[in-house]
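Written below as structure tokens is the structure these notes are about.
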Amino acid sequence: MIALASDHAAYEFKSRIKEHLESKGIAVLDCGTFDGVKSCDYSDFAVEACKAVQSGKCEKAIVICGTGIGMSMAANKMKGIRCALCSDTFSARMTRLHNDANALAMGERVLGLGLALDIVDTFLSTEYSGEERHSRRIAKVMKIEEGK
Ligand code: RB5
């Protein structure tokens, strides 16, 4: 299952991405926002989506806001979350291969819907390479959140 969250600025993309994933048989946990008009705070929804990844309920999270920046900042404060802000499919592929990213952030005000869906598909279909040098680097990054 994929956790999906947005703020008001990316409500439209959330709806379209949800439809896209469900049409492919991929289950979605919709973590809100559930109102495309009322202004809200992106961090509230990033936290909900990332908690679902932390608990193991969801394999990955997709978090979207106007730029994707606020969502990615909030997600990367959550323990165990490696969130990549992507605006191209190359980065989406590489962050899975090299960083084993478990969250994807995007900006609705940055991307067209077609590219956003390609980024989602690339991110979700690319497996982590598992190469030793990347695992070593990821382990070092994860130690940073422990203050080590
Ligand atoms: C909302 O106006 C906007 O600031 C938010 O969606 C996001 O872009 C923040 O990083």
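FYI, side chains are in, hydrogens and waters are out, and symmetry mates aren't considered; it's all heavy atoms of this structure. Every number for a ligand or one of its atoms is a count from 1 in the order of the listing. Each residue takes its place number in the sequence, starting with 1. None of these values were measured; they are calculated from a predicted model.
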Checklist entry - Gly70 heavy atoms, cut-off 4.0 Å: which ligand 1 atoms fall inside? => result 9 (C), 10 (O)
Next on the checklist: So does Ser72 get a backbone contact from the side chain of Asn76, meaning a donor-acceptor N/O pair under 3.5 Å?
Outcome noted: yes
Next on the checklist: Using a 4.0 Å heavy-atom cut-off, which part of Asp7 comes near ligand 1: side chain, backbone, both, or neither?
Outcome noted: side chain
Checklist entry - Are any side-chain N or O atoms of Arg82 and backbone N or O atoms of Asp100, one a donor and one an acceptor, separated by less than 3.5 Å? => result yes
Checklist entry - Can you name the nearest heavy-atom pair linking Val120 to Leu21, along with the distance? => result CG1-CD2, 3.8 Å
Next on the checklist: My question is simple, although I want it checked carefully: is atom 8 (O) of ligand 1 less than 4.0 angstrom from any protein heavy atom?
Outcome noted: yes
Checklist entry - Does Arg109 have a heavy atom less than 4.0 Å from any atom of ligand 1? => result yes
Next on the checklist: Evaluate Gly66 for polar contact with ligand 1, using N/O atom pairs at a separation under 3.5 Å.
Outcome noted: yes
Item to check | Sub-3.5 Å N/O-N/O distance, Tyr42 and ligand 1 | outcome: no
Next on the checklist: Is a donor from one side chain sitting under 3.5 angstrom from an acceptor on the other, for Tyr42 and Ser6?
Outcome noted: no
Checklist entry - Does ligand 1 have a heavy atom under 4.0 Å from the side chain of Cys65, from its backbone, from both, or from neither? => result both
Checklist entry - Looking just at side-chain N and O atoms, do Asp121 and Ser125 make a donor-acceptor pair shorter than 3.5 Å? => result no
Checklist outcome for this item: Note: ligand 1 atoms sitting under 4.0 Å from heavy atoms of Ala9 are 6 (O)
Checklist entry - Side chain of Asp30, backbone of Ala3: donor and acceptor closer than 3.5 Å? => result no
